[in-house]
Amino acid sequence: MRRIIAAAIFLCLACAPAAADETRVRELISLLDAEDAAVRDKALADPVAIGADALPLLEKACREGSPEQQGRAAEAMQRIRVRAALERLKADHLLKHWDELDAGPARRRRAIRDWVRACGSRPETVDALLELIRVDPRGSAGGAACEAMNWLGAPRLTARVADRASGHAWLEPQTGMDLLQMLFPEGPEISRRIRESLRATPQAKERLDDTVFPPHNDASPERELDQLGRICTGSGVTWRMDDGEGAVHVELPEESLAVWGPWWKAVRNDPVILMDLGLVDRPDGSKLALDAAGEWIARLSDADARRARVARAVLREAGADILEDIARRAAGKDAGEGLEKFAALIRLRTRGRILFVAETAERREQWIMRLDGSGARRISGDLNMFWSVSAAADGKTGFVSSRSATGEWGVYRFDLSGAAPPEKLDTLHAFVWPRPDGLQVALRVYEGGQLRLFDVLTRKATVIEEGNASFVGWSPDGTRLIWNQSQGNDLKVYELASGKTAVWPGRLPYLSSSRWNPDSRRIATDLRGEEAGRSRTKRVEVLDVTTGEGKTVIGPVETTSMGWPEWSPDGRWLAAAWPAADKSGIEVALWDSKEGRTRTVKKTVALAGNHYGNAMVKWRPDGMALIVTHLAAGRGYELDIAASTWRDASDRDFTAVWIPGTDWILDEDESDVWLMDAYGGPRLNLTESAVAESDPHFLPE
């Protein structure tokens with residue numbers, strides 16, 4: 001009978017009007033310990049829907065009700081407070097994504113990023129997130145709010161760590177604690193801080209130590225940072241990222257709130273800090289008047305990294321009169337370091353442009369900017385890039401395979417000045433190599449590896465390899481195309497003039513590299529093999545692609561760490577390097593193609609740590625010197641070719657691009673694009689954003 005009465009009350013309540021009244025709430029509270037589970041659930045859900053009006057009676061139930069009523073009334077009160085906090089964050093959108101918080105790591109990240117976007121990058125959003133952490137510190141809402149606070153309160157550091165996590169392919173299983181230490185590489189200190197922060201939740205340490213992330217490749221939809229976020233949330237801990245401090249703190253949500261609260265109170269009304277956080281708009285530097293520029297120029301040398309960063313962003317777009325004033329001030333004896341660095345940067349403005357990729361978890365876009373970082377703008381339209389654009393030799397056009405806004409694949413031609421939108425050439429999903437003049441492109445179809453030659457003017461394609469093409473490369477004069485087949489050893493050379501393919505057996509083993517000489521007749525290839533009675537060796541062979549004749553010019557050397565060979569800009573010298581077998585330094589071999597002789601020069605330096613990565617070489621544009629680097633050396637060294645003398649240089653590896661006529665090299669670091677002095681001098685950050693920028697290429701004016 002009691003169940004029948006309860007069910008009847010349940011049905012009546014379901015039909016009752018939505019308006020809250022005390023009688024209805026009392027009836028619902030009385031059913032919080034009903035025998036029927038459906039009635040209990042309904043009795044819990046309805047006060048939550050009523051909201052704040054139900055709180056006084058729920059509080060009374062917590063004091064005077066049965067144990068079951070007390071527990072469920074407390075749960076209802078918590079839900080009401082969380083919902084009220086959510087409503088300050090645009091409840092309709094958040095509730096739409098609420099279930100996704102527990103629907104897998106990848107969906108969780110998207111949901112939290114959607115929160116930030118939907119709520120808007122504005123100060124009021126931070127206020128609401130802090131309130132949500134306060135009312136639900138150990139719940140799903142509070143944990144998600146902590147992650148969202150990082151995106152708004154520490155956008156640059158959070159983006160860098162997320163990029164580091166998503167771009168890393170683990171070679172062996174990792175525990176949660178291992179992963180934290182690899183994502184936040186601060187040495188033993190991070191381990192100590194993690195363990196201290198877990199002191200109140202011993203189950204968290206157990207989960208971090210015992211949970212193992214299996215090895216996978218970059219294609220995995222489950223990212224390490226997302227996985228770790230779920231473990232920390234489930235264990236009652238979170239992490240707080242601090243852009244100003246440049247550090248990551250793993251701690252309890254209440255501890256994060258104890259720091260975020262006072263910090264936000266201090267910066268809530270500071271417009272410059274809010275500009276750095278992206279919560280208010282920066283002034284348009286191109287419209288900045290000369291008499292208003294002084295305060296921004298003074299901030300270039302501000303000890304506060306946020307203020308100096310905003311000043312650089314504003315002044316980077318300033319007009320010629322302001323830039324002249326900056327140059328004049330930088331020449332004075334009292335100029336600060338920040339002002340001097342900025343003046344050095346703007347002097348590079350007219351020397352060329354930079355092509356780079358800007359990437360978030362969902363999108364990959366192509367951008368261009370001047371060499372000083374000014375004038376940055378997207379040139380990929382609504383495309384989601386498969387890879388970065390491959391530029392033709394003149395730097396005016398580029399090609400890439402991308403997805404349209406509707407998800408359709410295509411091969412596109414880009415106007416690298418940004419004056420015209422991308423032009424679709426074909427419907428393929430393919431890797432793309434443009435001929436130096438940009439009139440033809442080689443297309444390796446993503447599925448199956450078929451190699452096609454596509455004529456840009458006629459839009460016609462010719463199949464020149466049926467499948468599994470790999471290591472594709474054009475000769476500098478655009479008359480030949482070379483490749484081999486995955487897991488194969490045969491070099492194939494296609495002659496555009498005759499339309500015929502020559503096959504040179506065993507000349508390009510899988511995972512070797514090929515480098516064209518500027519004369520377009522010879523390639524250099526690093527080969528490895530087992531010599532009789534010796535350990536694995538490597539050597540460099542030069543092949544004449546017109547005759548198929550090859551000869552070894554460097555080695556064989558007893559090493560597995562010889563890097564890719566590189567020709568000097570004039571094509572005379574061929575260089576390769578490797579760490580000495582006794583770990584006493586780096587050896588560099590130079591083959592003189594004019595004299596037909598090879599000499600070896602050694603840089604004596606203690607090698608520490610990993611001795612197995614490849615030693616890399618990079619020629620200066622004038623061909624007078626060679627930069628040599630190896631991970632175990634910890635820095636780079638420059639070899640003067642004529643004098644065989646050494647001097648210290650930057651430790652940047654083969655990804656760096658040298659700016660002709662300068663001592664600057666262009667590279668990516670910590671998800672930003674940088675100009676770095678080739679000899680270990682100043683480093684100038686060109687992007688300084690919360691988006692991951694990468695793959696920079698220099699385009700001459």
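It should be emphasised that the depicted structure is a prediction, and the values quoted were computed from it without experimental measurement.
Of the inter-residue distances, the one linking Arg349 atom CZ with Leu371 atom CG reads 10.5 Å to the nearest 0.5 angstrom. Interatomic distance, CG of Leu252 versus CZ of Arg240, reported as 12.0 Å (0.5 Å rounding). Taking CG of Leu132 as the start and CE of Met149 as the end, the distance is 11.5 Å to the nearest 0.5 Å. One finds the CD1 atom of Ile627 at 13.5 Å from the CE atom of Met616 (value rounded to the nearest 0.5 Å). Leu699 contributes atom CG, which lies 11.5 Å from atom CZ of Phe356 (distance to the nearest 0.5 angstrom). Note that CE of Met369 is 4.5 Å distant from CG of Leu686, once rounded to the nearest 0.5 Å.
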Evaluate side-chain hydrogen bond (donor to acceptor under 3.5 Å, both in side chains) for Asp242 paired with Trp263, printing each intermediate quantity in order.
CA-CA 11 Å; Asp242 188 325; Trp263 166 79; over 6 Å; no
Could you give me the CA-CA distance, side-chain angles and deciding distance for Glu638 and Arg620, then say whether salt bridge (charged side-chain N to carboxylate O under 4.0 Å, His left out) is met?
CA-CA 9 Å; Glu638 183 187 81; Arg620 252 177 41 177; 3.5 Å; yes
Under the criterion side-chain contact (heavy atoms from CB on, under 4.5 Å), I'd like the reasoning laid out for Val628 against Lys618: C-alpha separation, chi angles, the key distance, then a yes or no.
CA-CA 7 Å; Val628 181; Lys618 190 80 177 179; over 6 Å; no
Salt bridge (charged side-chain N to carboxylate O under 4.0 Å, His left out) between Arg328 and Glu324, worked out
CA-CA 6 Å; Arg328 179 184 59 77; Glu324 290 174 3; over 6 Å; no
Stepwise side-chain contact (heavy atoms from CB on, under 4.5 Å) check, Leu152 with Leu277
CA-CA 7 Å; Leu152 285 173; Leu277 295 173; over 6 Å; no
If you apply the rule side-chain contact (heavy atoms from CB on, under 4.5 Å), what do you find for Trp664 with Asp677, and how did you get there?
CA-CA 5 Å; Trp664 294 105; Asp677 183 85; 4.3 Å; yes
Please lay out, stage by stage, how Arg156 and Glu688 fare under the test salt bridge (charged side-chain N to carboxylate O under 4.0 Å, His left out).
CA-CA 8 Å; Arg156 298 183 69 255; Glu688 300 189 273; 5.1 Å; no
Step-by-step side-chain contact (heavy atoms from CB on, under 4.5 Å) determination, Gln366 to Arg378:
CA-CA 6 Å; Gln366 195 72 54; Arg378 184 178 63 188; over 6 Å; no
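Formation of a donor-acceptor pair under 3.5 Å by the Asp284 side chain with backbone atoms of Ser286 is found in this model. The closest donor-acceptor contact from the side chain of Ser671 to the backbone of Ala692 lies at 3.5 Å or more, if one exists at all. The closest donor-acceptor contact from the side chain of Trp151 to the backbone of Thr158 lies at 3.5 Å or more, if one exists at all. In this structure, Ser374 contributes its side chain and Glu317 its backbone to no donor-acceptor pair below 3.5 Å.
Residue Leu666 comes nearest to Val673 through the heavy atom pair CD1-CG1, 3.6 Å, listed as atom of the first residue, atom of the second, then distance. Here the closest non-hydrogen pair linking Tyr679 and Asp648 is CD2-O, 3.6 Å. Taking both residues in full, the closest heavy atoms of Pro696 and Val657 are given as O-CG2, 3.9 Å, listed atom of the first, atom of the second, then distance. Nearest heavy atoms, Leu257 versus Leu130: CD1-O, 3.7 Å. What you find for Asp243 and Arg309 is that their closest heavy atoms are CB-NH2, 4.4 Å. Scanning all heavy atoms of the two residues, the minimum distance from Leu300 to Leu339 falls at CD1-CD1, 3.7 Å.
Trp387 carries Arg364 over the face of its six-membered ring, with the cationic atom under 6.0 Å from the centre and within 45° of the normal.
Side chains of Ile368 and Arg377 form a contact here, defined as non-hydrogen atoms less than 4.5 Å apart. Taking the side chain as every heavy atom from C-beta outward, Asp669 and Arg683 approach each other to under 4.5 Å. Using a 4.5 Å heavy-atom cutoff, the side chains of Pro283 and Lys287 are not in contact. Using a 4.5 Å heavy-atom threshold, the side chains of Ser388 and Val400 count as separate. A heavy-atom distance below 4.5 Å is not found between the side chains of Ile659 and Ile665. The shortest distance between side-chain heavy atoms of Phe342 and Ile326 falls below 4.5 Å. Contact check for Trp296 versus Leu288: side-chain heavy atoms found under the 4.5 Å cut-off. The shortest side-chain heavy-atom distance between Val272 and Arg299 falls under the 4.5 Å cut-off.
No hydrogens or angles considered: a donor-acceptor pair under 3.5 Å links the side chains of Asp672 and Thr687. In summary, the side chains of Tyr637 and Arg647 do not present any donor paired with an acceptor at a separation below 3.5 Å, with no hydrogens or angles considered. Side chains of Asp663 and Trp658: no donor on one and acceptor on the other come within 3.5 Å.
Using a 4.0 Å cut-off between charged side-chain N and carboxylate O, Arg363 and Glu359 make no salt bridge. In summary, Arg370 and Asp372 do not engage in a salt bridge, as defined by a charged side-chain N under 4.0 Å from a carboxylate O. Salt-bridge annotation for Arg329 and Glu340: absent, with no side-chain N of the basic residue lying under 4.0 Å from a carboxylate O of the acidic one.
Atom CG of Asp281 has 12 or fewer heavy atoms from other residues, nucleotides or ligands within 6.0 Å. Within a 6.0 Å sphere centred on CD of Glu295, other residues, nucleotides and ligands contribute more than 12 heavy atoms. Counting heavy-atom neighbours within 6.0 Å of Arg282 CZ, excluding the residue itself, gives a total of 12 or less.
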